[in-house]
Amino acid sequence: MSKDLSLFLGQLLRNPREISAVVPSSRSLAAAMAAPLAPGNGPVAEFGPGTGRITREILARGVPPRDLVLYEMNGAFCNLLRLNFPGVKVLNRPAQQAALDFRGSLAAVVSGLPLLSIPEPVQHDILSAAFTALRPGGCLVQFTYGTKPPVAEEVRQALDIVAWSGRRIWQNLPPARVYIYRRSAEISVVAR
Ligand SMILES: C[S@@+](CC[C@H](N)C(=O)[O-])C[C@H]1O[C@@H](n2cnc3c(N)ncnc32)[C@H](O)[C@@H]1O
């Protein structure tokens with residue numbers, strides 16, 4: 001077993017609610033999460049990177065390390081991320097605090113957070129922070145293992161955002177689907 005996987009499983013036993021996944025994301029899911037990103041498009045934040053499966057694919061898309069900031073609550077994962085991704089800013093802080101660091105300047109937020117198992121008020125705070133930090137035209141990328149969209153309908157309406165859903169990624173345990181959220185107002189401007 002790889003060192004990253006044994007760390008993941010050890011932390012899962014300690015913090016099952018925070019981690020809420022049996023294994024890290026597969027390469028196929030991680031690549032699908034990073035696919036909406038374009039190199040040179042500006043700063044990107046990743047929420048809940050864990051052992052960094054999605055982080056690796058974000059960098060492989062051409063996002064420079066200096067343009068990537070990670071919000072990860074688990075200190076042991078932060079140590080591993082700092083070791084594996086030199087030049088990337090790793091913050092041992094909750095994703096909700098992204099709005100303190102960025103105001104309308106991020107090109108994208110990529111979230112590996114277990115949104116479905118996060119209580120709705122906390123989910124609202126996380127999504128609200130993401131959209132405060134995102135610049136006009138910016139998007140939030142989020143996956144889910146569930147059959148419904150990952151963001152609760154009440155939260156989606158309160159923040160006035162809309163979802164686009166991708167295909168199901170079967171090469172993941174369990175299979176997952178990627179959603180991209182944008183501000184409703186920006187979708188109507190594009191459509192006109
Ligand atoms: C399901 S794991 C995902 C790991 C990784 N993104 C992947 O796909 O393999 C969720 C991660 O989110 C972190 N986490 C949970 N709540 C968080 C929050 N509010 N802010 C930042 N990280 C959080 C956990 O510590 C854990 O590392």
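Worth knowing before you read on, the calculation uses all heavy atoms, side chains too, and leaves out hydrogens, waters and symmetry mates. In this chain, numbering begins with 1 at the start of the sequence shown. Ligands are counted one by one from 1 in listed order, and the atoms in each one are counted from 1 as well. All values reported here derive from a predicted model rather than from experimental measurement.
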Trainee: Identify the protein atoms, limited to N or O, that lie within less than 3.5 Å of an N or O atom of ligand 1, and list each pair with its distance to 0.1 Å.
Mentor:
unit_1   : atom_1 : unit_2 : atom_2 : d
ligand 1 : 6 (N)  : Gly48  : O      : 2.8
ligand 1 : 8 (O)  : Ser25  : OG     : 2.4
ligand 1 : 9 (O)  : Ser25  : N      : 2.9
ligand 1 : 19 (N) : Gln96  : OE1    : 3.2
ligand 1 : 20 (N) : Ala95  : N      : 2.9
ligand 1 : 22 (N) : Met73  : N      : 3.4
ligand 1 : 25 (O) : Glu72  : OE2    : 2.6
ligand 1 : 27 (O) : Glu72  : OE1    : 2.9
ligand 1 : 27 (O) : Glu72  : OE2    : 3.2

Trainee: Any side-chain hydrogen bond (donor to acceptor under 3.5 Å, both in side chains) involving residues 166-182? Give me the pairs, sequence neighbours left out, ordered by first then second residue.
Mentor: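 side-chain hydrogen bond (donor to acceptor under 3.5 Å, both in side chains) check on residues 166-182 returns Ser26-Asn172.
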Trainee: Show me, pair by pair, the donor-acceptor contacts under 3.5 angstrom made by side chains of residues 43-58, not counting sequence neighbours?
Mentor:
unit_1 : atom_1 : unit_2 : atom_2 : d
Glu46  : OE1    : Thr55  : N      : 3.4
Glu46  : OE1    : Thr55  : OG1    : 2.7
Arg53  : NH1    : Ser25  : O      : 2.8
Glu57  : OE2    : Arg27  : NE     : 2.8

Trainee: Under the 3.5 angstrom rule, does the side chain of Arg93 hit a backbone N or O of Tyr71 as a donor-acceptor pair?
Mentor: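 No, because the side chain of Arg93 does not come within donor-acceptor range (under 3.5 Å) of the backbone of Tyr71.
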Trainee: side-chain contact (heavy atoms from CB on, under 4.5 Å) for Leu159 and Val151? Distances and angles first, verdict last.
Mentor: CA-CA 11 Å; Leu159 297 176; Val151 174; over 6 Å; no
Trainee: Between the main-chain N or O of Gly87 and the side-chain N or O of Arg66, is there a donor-acceptor pair closer than 3.5 Å?
Mentor: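 No, the answer is negative, given that no donor and acceptor are paired below the 3.5 Å cut-off.
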Trainee: Donor-acceptor pairs are to be reported for all side-chain atoms of residues 112-124 against protein atoms at under 3.5 Å, with residues two or more places apart or in another chain.
Mentor:
unit_1 : atom_1 : unit_2 : atom_2 : d
Ser117 : OG     : Ser20  : OG     : 2.9
Ser117 : OG     : Pro114 : O      : 3.1
Gln123 : OE1    : Ala152 : N      : 2.7
Gln123 : NE2    : Leu115 : O      : 3.1

